[in-house]
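Reviewing the structure listed below.
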Amino acid sequence: MRVVQVTLATLIAMGIAAGAAKAQPEFQLSIDAPATIEAAEGSEISAEAVVRLATEGLAPGSDGVQAWSLSITAEGLGSGPDGGWVIVGGTTSGTVAALVDEESPGLRLSEEDSFLYVELTEGEGNAGLVSAVVLSFQNPITLDPQDSPHALLRVSLAAAAPLHSEGSATYGIAFRDGQVGSARPVDNLVTYRGETFQPSQQGSETLVIPIVDCTESPLAVVFQAAPHGQIVPEPEEDRVEVLYSSAIEVLEAPVIPGGIGSTQVCVGIVSQLEEEGIQGWSLSVAADDLNMIAATTAGTVGQDVSLNTPPGAPCSPGCRNSGFEKTEVIDPTRPENAGQQGAVSAVVLSFTLPIQLELVSTATVLALTVEAPEPVEEDSVVSGMLRLQGDLWGSGQPVKNVATVAGVSLDYCGIDQTRLRVDFVPKQVGAFRSGDGNGDGKIDLADPIYVINYLFRSGEDIPCREAADANADLSVDLSDAAYLVRYLFQSGSPPVGSLECHTSPLSTPESCPQGATACDG
């Protein structure tokens, strides 16, 4: 709203006919601060906010704002128990208020011809920052309305991240008229053609997410690019380094341009227990901007021992014997799931035998297949997120993210921060069907024979190593041929991955070149 009113008599004196419309500019002040910050719980964090001015309603070529004053605070705008942001500094460097000869986009010609004032304010109800700028006293320098919005001020912020037990917190920064520095109270105003206007104002909020360090915790969950069975560190090895060696936060999945990409992702449980090991577990995994295609314990420690190599061998890789397993993709249309895609899994290793995972280990417990929701073009990346979200519903009751140790359900560390970004990127590698060792597009007896000929009879090279690696243990050997034979003739688990054409994030142009299999036409 305008602070200086213009009367009808004044309009007539200016030669503007009664009833004629006069264009009224609109000004808006806003603050841009980071939308989200993740930081170690209780740690000191810092950020920068930028104050901007937008102008609307002025024709091209018109002059613009000549001067402005700002009064900003973060006081009382934090939802955390220790408050929120504290304004610790402000500068016009890198804004239109900088000097022309110092840096772009500065507009002030000189200190003598302009005015600049920036000061921190103190005291309860007055903590913040005030600033005032006049671009020029003698020259017609104004903000170009066509370049709006303009950066006016950069504000330095500091705070402490909340504790993980307290949850995420919102830290705000806003405009507040009347704050006092060393002189008079300062309001949020702009000057246009010698008149003062009060702009609309929009502050900003930052969601601060506390991250807990789980590397020394008894139980945690990680995402993996491939199944690893149980990773057990040797006594002389760095325990944490080995246990988290397979953990990933970003997975890049190559996709032939124009295709819908899919990839496998595994979930592992990190255990650093002392007396009793994990006897069972449940997992509830949400998929955001991804299609959840399949979920299985095949090829993981949750697999039944009857499917191991040889059958019955304990934890090779399956450890489950006379236990329970239920793994399924959830129905997003079920009301309790509220449209959320994902998968749930529950495993008990045994009801009758003393079977448990290694006390100190990282065990792959679940394999997921996710798909991009749209085609990946030559110059595009399609991204989605996997995360742990408790209480998703499968065909039974809601599933929690817990592990069972000595008959007691224990939570994993850092559930809300355990997530994986999946990037489907265009890449010129070959597509394949898992288990298709000879690359002819079919899964049959010829595939294990082809692998055996390659290994022991100087047969032809494997066209796509990821396709021939039927058990996904990251090597092509006799176990892959045996795995395929059991699948084909003994009701064994299907090749790990997908029986449909797909690419692998582990593929390279050398290991699986484009055109190596029938999937590439």
So which atom in Ala225 and which in Leu506 form the shortest heavy-atom distance, rounded to 0.1 Å? CB-CD2, 4.4 Å

Quick one: do the Thr309 and Arg486 side chains pair a donor with an acceptor below 3.5 Å? yes

How far apart are the C-alpha atoms of Val212 and Gln417, what are their side-chain angles, what is the distance that settles it, and do they pass the side-chain contact (heavy atoms from CB on, under 4.5 Å) test? CA-CA 8 Å; Val212 62; Gln417 66 192 43; 3.6 Å; yes

Side-chain heavy-atom pair Val382, Pro373 within 4.5 angstrom cut-off: yes

Hey, what do you get for CZ (Phe424) to CD (Glu371), rounding to the nearest 0.5 Å? 7.5 Å

Less than 3.5 Å apart, any donor N or O on the side chain of Gln264 or Thr369 sitting next to an acceptor on the other? no

Check: Pro310 main-chain N/O paired with Asn308 side-chain donor or acceptor under 3.5 Å: no

Within the 4.5 Å heavy-atom criterion, are Ile293 and Val329 side-chain neighbours or not? no

Taking Pro149's backbone N and O only, do any of them form a donor-acceptor pair with Arg52's side chain (distance below 3.5 Å, no angle check)? no

Does a side chain donor of either Ser284 or Asn401 reach within less than 3.5 Å of an acceptor in the other side chain? no

His502 side-chain N/O to Gly261 backbone N/O, donor-acceptor pair under 3.5 Å: no

Would you say the side chain of Leu410 lies within less than 4.5 Å of the side chain of Val402, judging by non-hydrogen atoms? no

CZ (Arg433) and SG (Cys464) are apart, to the nearest 0.5 Å, by 12.5 Å

With sequence neighbours excluded, give me every salt bridge (charged side-chain N to carboxylate O under 4.0 Å, His left out) pair touching residues 499-520. none

Distance check, rounded to the nearest 0.5 Å: Tyr487 atom OH versus Asp447 atom CG? 10.5 Å

Spacing of CD belonging to Gln279 relative to CD1 belonging to Ile355, to within rounding of 0.5 Å: 10.5 Å

Distance col, row Gln28:CD vs Ser30:OG, nearest 0.5 angstrom, shows 6.0 Å

Do Ser395 and Glu328 have a side chain donor and acceptor closer than 3.5 Å? yes

Given Asp436 and Lys442, is the salt bridge (Lys or Arg N to Asp or Glu O under 4.0 Å) satisfied, shown in steps? CA-CA 6 Å; Asp436 184 14; Lys442 299 176 290 183; over 6 Å; no

I'd like to know if the side chain of Thr364 reaches the main chain of His228, judged simply by a donor and an acceptor atom lying under 3.5 Å from each other, with no hydrogens or angles considered. yes

Is there side-chain contact between Leu273 and Glu276, with at least one heavy-atom pair below 4.5 Å? no

Whether the Ser350 and Asn321 side chains hold a donor-acceptor pair (N or O, under 3.5 Å, no angle test) is what I'd like checked. no

Ser93 side chain to Glu103 side chain, donor-acceptor N/O pair below 3.5 angstrom: yes

Under 3.5 Å, side chain of Asp238 to main-chain N/O of Val240, donor-acceptor pair present? yes

Flag the pair Asp288 and Arg387 as a salt bridge only when some basic side-chain nitrogen lies within less than 4.0 angstrom of an acidic carboxylate oxygen. yes

Would you check if Leu290 and Leu386 make a side-chain contact, meaning some heavy-atom pair closer than 4.5 Å? yes

Looking at side-chain heavy atoms only, is the closest gap between Thr327 and Glu325 below 4.5 Å? yes

Side chains of Glu466 and Ser511, donor plus acceptor under 3.5 Å: yes

Any side-chain heavy-atom pair of Val347 and Val365 under 4.5 Å: no

With a 4.5 Å cut-off on side-chain heavy atoms, are Val301 and Gln303 touching? no

Tyr171 and Trp85 aromatic ring geometry - parallel, tilted or perpendicular at 30°/60° bounds: perpendicular

Other residues, nucleotides, ligands: >12 heavy atoms within 6.0 Å of Glu48 CD: yes

Inter-residue atom distance Thr362.OG1 - Gln230.CD, 0.5 Å rounding: 9.5 Å

